[in-house]
Amino acid sequence: MSRLEMFLENLSLREKFLMSLLIIICAFALAYKSYEDFFQNFFQENMLFSKGVLLEKKEEFAKTQKQKEEIDQQLKKQKQQLEKYQHSLSVFAKDYESYIKEIKEIADAQKVIIKDIQTSFEDKTYFKLYKIRLNLNGNFIPLFEMIKTLEKQIPPYLFAVVEFENITSLHLNANFELLCLSLY
């Protein structure tokens with residue numbers, strides 16, 4: 001280091017000024033070249049986006065948003081359809097006690113007398129099949145109104161056997177066998 005100091009002391013003021021100017025110019029040239037070769041590419045690729053890349057990113061984001069909306073709509077439709085199916089299946093979630101209670105209410109509303117009720121059921125793979133045998137007594141019109149009401153119920157009652165006996169001209173004794181379904 002002492003040689004460098006001796007060399008600098010021996011230089012005139014003009015030579016020191018030119019030497020300082022040369023060092024500053026070399027430093028600026030080195031900084032510019034390093035920015036141009038390394039830092040400029042780094043900033044362009046990682047920090048700043050060109051307009052083309054920015055537009056591509058916006059388009060990609062818009063496409064993703066559109067796909068998200070479509071998926072949300074499909075999900076909403078599927079949820080509505082699932083609710084519809086669950087509601088449809090809930091109709092068949094009755095047990096035979098509910099069926100009998102409903103039949104008694106309809107008979108009372110139509111002023112039909114229930115003499116006898118016999119029930120049995122069969123276990124199937126996905127449901128139970130209830131057989132309800134009814135022995136009814138009443139006038140002609142109320143009996144047929146009761147039959148119409150039972151046919152219109154949801155789920156409908158299926159009439160397997162229908163027998164009528166004429167007691168008097170408009171007074172009938174009826175035997176029904178109804179089939180009802182209930183899901184597990």
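Because only heavy atoms are used, hydrogens play no part in the values below, and waters and symmetry mates are left out as well, while side chains stay in. Note that the structure is predicted; figures quoted are calculated from it, not measured.
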One should read off an interatomic distance between Gln74 CD and Gln67 CD, to the nearest 0.5 angstrom, of 10.5 Å
Looking only at heavy atoms, the pair that brings Ala107 and Ile114 closest together is CB-CD1, 3.7 Å
Apart from Phe28 itself, its cluster of hydrophobic side chains linked below 4.5 Å comprises Ile24
Hey, quick one: are Met146 and Phe144 part of the same hydrophobic cluster, counting side-chain heavy atoms closer than 4.5 Å, chains of contacts allowed?
yes
Between the CD1 atom in Ile106 and the CD atom in Glu102, the distance rounded to the nearest 0.5 Å is 5.0 Å
Taken to the nearest 0.5 Å, the spacing of Ile100 CD1 from Glu105 CD works out to 12.5 Å
| field | Verify same cluster id: Leu11, Ile23 (apolar side-chain graph, 4.5 Å) | value | yes
*asked:* Quick check: is Ile132 connected to Ile113 through a chain of hydrophobic side chains (ILVMFWY, heavy atoms under 4.5 Å apart)?
replied: no
Residues joined to Ile25 in its hydrophobic cluster, side chain to side chain under 4.5 Å directly or through other members, sorted by chain and number, are Leu21
- request: For the residue pair Lys76 and Asp72, establish whether any side-chain heavy-atom pair is separated by less than 4.5 Å.
  value: no
d(Leu134 CG, Lys104 NZ) to nearest 0.5 Å is 10.0 Å
Interatomic distance, NZ@Lys111 vs CD@Glu145, rounded to 0.5 Å, equals 13.0 Å
Here the side-chain hydrogen bond (donor to acceptor under 3.5 Å, both in side chains) pairs for residues 7-32, sequence neighbours left out, are Tyr32-Glu36
Between the CG atom in Leu136 and the CD1 atom in Ile117, the distance rounded to the nearest 0.5 Å is 8.5 Å
Does the side chain of Cys26 come within less than 4.5 Å of Leu30's, by heavy atoms?
no
